[in-house]
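Each chain gets a letter, A, B and so on, in the order the sequences are listed, and its residues count up from 1.
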Number of protein chains: 2
Amino acid sequence: MSKEIISSTFPSPQHNHSECVDAALGEAERLCRIRDLRLTPLRKRVFELIWQSHRPVTAYELLDRLVQDGRRAQAPTVYRSLEFLTECGLVHRVESMNAYVGCNQPSRGHEVGFFICEACGDVAELADPALSSSVTKGAKQLGFTVHSRLIEVRGTCRACTAIKTDDPKRML
Amino acid sequence: MSKEIISSTFPSPQHNHSECVDAALGEAERLCRIRDLRLTPLRKRVFELIWQSHRPVTAYELLDRLVQDGRRAQAPTVYRSLEFLTECGLVHRVESMNAYVGCNQPSRGHEVGFFICEACGDVAELADPALSSSVTKGAKQLGFTVHSRLIEVRGTCRACTAIKTDDPKRML
DNA sequence: ATAGTAATGTTATAATATAACAATTACTTT
DNA sequence: AAAGTAATTGTTATATTATAACATTACTAT
């Protein structure tokens with residue numbers, strides 16, 4: 001079995017987002033069951049809130065929403081949930097934004113890169129072995145042993161490019 | 001002329017660091033002269049402080065040192081100098097550390113990746129066209145237009161690997 | 001039921017970063 | 001040299017992001 005490029009692609013503007021949420025939640029519950037991790041109501045709620053969009057969300061935005069829920073949450077509540085979720089691989093931290101986004105393929109390895117659309121804010125995740133191996137090659141030149149990689153690419157996604165170029169076929 | 005891999009490599013533990021500082025300062029002054037940018041005493045001092053090592057330094061560490069110098073500096077002083085220096089390309093921000101490190105090749109483009117040694121904290125910069133093009137290829141799959149790339153790799157540099165493996169030839 | 005562990009609540013504070021406006025310095029034009 | 005302008009720096013205040021420390025609650029296994 002050859003190595004595979006796994007990409008979350010950008011969601012189309014018309015996609016049915018509740019399907020994303022359902023899939024993510026189902027997968028999270030399955031993973032936590034298998035690994036004997038505790039997806040408590042709080043953690044689950046934070047996870048749902050993160051999945052309300054494909055845009056990274058900050059800890060304090062999450063906190064606001066928890067408070068709107070009626071919880072008496074404080075910053076540590078959120079950060080602890082985020083720590084749990086990122087350690088499980090259910091959520092990724094986007095370093096260049098101090099923000100968090102749901103992971104699309106939590107059961108796979110996490111040699112991923114993020115593609116962040118500066119127009120709509122959505123993020124796509126790409127696990128491309130070629131990319132990883134380029135990093136490894138660079139490391140080899142330096143005699144450097146790689147522990148982890150962080151790749152965050154900024155630009156414009158297909159849909160937003162289409163809008164900017166006034167493609168008459170596209171409606172948003 | 002073919003594209004070239006430009007790497008700062010990790011400094012050897014024995015290297016004469018004042019040569020690094022002198023080279024960086026000379027280059028900075030040259031660049032600012034050419035581009036008609038103002039490397040004021042404050043900016044120059046911040047630049048020197050950043051170059052006191054190959055480890056990224058935080059804004060508040062710089063602030064402390066400015067105060068030790070006898071200046072009555074405040075946070076905005078530092079952040080403004082950092083903004084100037086990063087915009088010129090004389091300094092890079094390491095996103096995963098909220099810290100700043102001197103650029104080794106400020107007159108070149110900045111499609112660089114950082115290799116951060118978790119043992120000694122030193123950072124090497126690598127401008128590898130293969131790495132950039134992997135990112136571009138990934139982007140193409142997504143229909144994504146790249147504006148900028150952020151690559152930060154964590155691991156262990158050659159010297160620190162040697163120490164850990166108890167290479168008897170190495171002394172630090 | 002109870003001891004032990006994990007999770008969450010709570011308070012306080014640390015660390016990182018910027019906004020807004022004042023004062024100073026440097027650069028131009030005369 | 002003086003006046004006018006723009007750039008830089010000073011200063012105060014505050015926003016944003018994150019964690020430490022300890023109390024309480026909930027779950028787990030005997």
Side-chain angles (χ1 to χ4, degrees), chain A residues 28-29 31-33 35-50 55-88 90-101 121 150 152, chain B residues 28-29 32-50 55-88 90-101 121 150 152:
Chain A
E29 285 178 332
L31 268 182
C32 289
R33 213 175 317 111
R35 298 186 193 160
D36 200 25
L37 297 169
R38 292 162 63 181
L39 191 62
T40 63
L42 173 65
R43 290 164 174 176
K44 187 171 162 182
R45 182 62 184 142
V46 170
F47 185 72
E48 285 171 358
L49 289 171
I50 289 171
R55 285 183 293 283
V57 58
T58 69
Y60 279 80
E61 286 166 356
L62 291 168
L63 177 53
D64 286 347
R65 295 190 196 161
L66 287 176
V67 170
Q68 283 166 25
D69 280 358
R71 292 177 194 260
R72 275 199 309 258
Q74 299 290 341
T77 309
V78 179
Y79 282 101
R80 284 190 289 228
S81 291
L82 288 171
E83 188 186 10
F84 171 84
L85 294 168
T86 51
E87 281 181 1
C88 301
L90 292 170
V91 159
H92 293 295
R93 177 175 159 87
V94 180
E95 290 293 337
S96 60
M97 301 179 74
N98 299 331
Y100 302 82
V101 71
L150 164 61
E152 296 179 11
Chain B
E29 285 178 333
C32 288
R33 212 174 318 109
I34 289 169
R35 297 185 194 161
D36 200 26
L37 298 169
R38 293 163 63 182
L39 191 61
T40 63
L42 173 64
R43 288 165 175 175
K44 187 171 161 181
R45 183 63 184 140
V46 170
F47 186 71
E48 284 171 358
L49 290 170
I50 290 171
R55 285 183 293 283
V57 57
T58 69
Y60 279 80
E61 287 166 355
L62 291 168
L63 178 53
D64 286 348
R65 296 189 196 163
L66 288 176
V67 170
Q68 283 166 25
D69 279 358
R71 292 177 195 260
R72 276 199 307 260
Q74 299 290 341
T77 308
V78 179
Y79 281 101
R80 283 189 289 228
S81 291
L82 288 171
E83 188 186 9
F84 171 84
L85 294 168
T86 52
E87 281 181 1
C88 301
L90 292 170
V91 159
H92 293 296
R93 177 176 160 88
V94 180
E95 290 293 338
S96 60
M97 302 179 73
N98 298 332
Y100 301 82
V101 71
L150 163 62
E152 296 179 11

Is any side-chain heavy atom of Val46(B) closer than 4.5 Å to a side-chain heavy atom of Leu85(B)? yes
Select from Ala75(B) and Leu42(B) the residue whose nearest nucleotide in DNA chain D is closer to the 5' end of that strand. Leu42(B)
Is Thr77(B) near enough to dT9(D) that one of its side-chain N or O atoms lies under 4.0 angstrom from OP1 or OP2? no
Taking 5' to 3' order, which nucleotide of DNA chain C is first and which is last to have an atom within less than 4.0 Å of a heavy atom in chain B? dT16(C) to dC27(C)
Over how many whole Å does the gap from Arg45(B) atom CZ to dT9(D) atom P extend? 15 Å
Taking side chain as C-beta onward, heavy atoms only, is Ile50(B) less than 4.5 Å from Leu90(B)? no
Output the distance between atom CG (Leu66(A)) and atom OG (Ser81(A)), rounded to the nearest 0.5 Å. 7.5 Å
Reported CD-to-CZ distance for the pair Glu83(A) and Arg80(A), which is rounded to 0.5 angstrom: 9.5 Å
Would you tabulate the side-chain donor-acceptor contacts of residues 93-101 of chain B under 3.5 Å, counting partners in other chains and residues two or more places apart, or write 'none'?
{"unit_1": "Arg93(B)", "atom_1": "NE", "unit_2": "Glu95(B)", "atom_2": "OE1", "d": "3.3"}
{"unit_1": "Arg93(B)", "atom_1": "NE", "unit_2": "Glu95(B)", "atom_2": "OE2", "d": "3.2"}
{"unit_1": "Arg93(B)", "atom_1": "NH1", "unit_2": "Tyr100(B)", "atom_2": "OH", "d": "2.8"}
{"unit_1": "Arg93(B)", "atom_1": "NH2", "unit_2": "Asn98(B)", "atom_2": "OD1", "d": "2.9"}
{"unit_1": "Ser96(B)", "atom_1": "OG", "unit_2": "Glu152(B)", "atom_2": "OE1", "d": "2.5"}
{"unit_1": "Ser96(B)", "atom_1": "OG", "unit_2": "Arg154(B)", "atom_2": "NH1", "d": "2.9"}

Round to a whole Å and report the spacing from CG of Asp36(B) to C1' of dA6(D). 14 Å
Taking all atoms of both residues into account, what is the closest heavy-atom pair of Phe84(A) and Arg38(A), and its distance? CZ-O, 3.6 Å
Over how many whole Å does the gap from Arg38(B) atom CZ to dA6(D) atom P extend? 13 Å
Any residue in residues 78-86 of chain B with a heavy atom nearer than 4.0 angstrom to DNA chain C? Just list them by number, or reply none. Tyr79(B), Arg80(B)
Closest non-hydrogen atom pair, Cys88(A) against Arg35(A): O-NH1, 3.1 Å
Would you indicate whether the side-chain heavy atoms of Leu63(B) and Tyr60(B) approach each other to under 4.5 Å? yes
N/O donor-acceptor pairs under 3.5 Å from side chains in residues 69-79 of chain B, not counting sequence neighbours:
{"unit_1": "Asp69(B)", "atom_1": "OD1", "unit_2": "Arg45(B)", "atom_2": "NH2", "d": "3.2"}
{"unit_1": "Asp69(B)", "atom_1": "OD2", "unit_2": "Arg45(B)", "atom_2": "NE", "d": "2.6"}
{"unit_1": "Thr77(B)", "atom_1": "OG1", "unit_2": "Gln74(B)", "atom_2": "N", "d": "3.3"}
{"unit_1": "Thr77(B)", "atom_1": "OG1", "unit_2": "Gln74(B)", "atom_2": "O", "d": "3.2"}

Is any side-chain heavy atom of Leu31(A) less than 4.5 Å from a side-chain heavy atom of Leu37(A)? no
Nearest heavy atom decides the nucleotide; on that basis, is Asn98(B) or Gln74(B) closer to the 5' end of DNA chain D? Gln74(B)
Which parts of residues 57-72 of chain B get close to DNA chain D, meaning a heavy atom less than 4.0 angstrom away? Arg72(B)
Closest heavy-atom contact between Leu39(A) and Glu29(A)? CD2-CG, 3.7 Å
Give the angle between the helix axes at the two ends of the helix from dA1(C)-dT30(D) to dT30(C)-dA1(D), taking five base pairs at each end and rounding to 10°. 30°
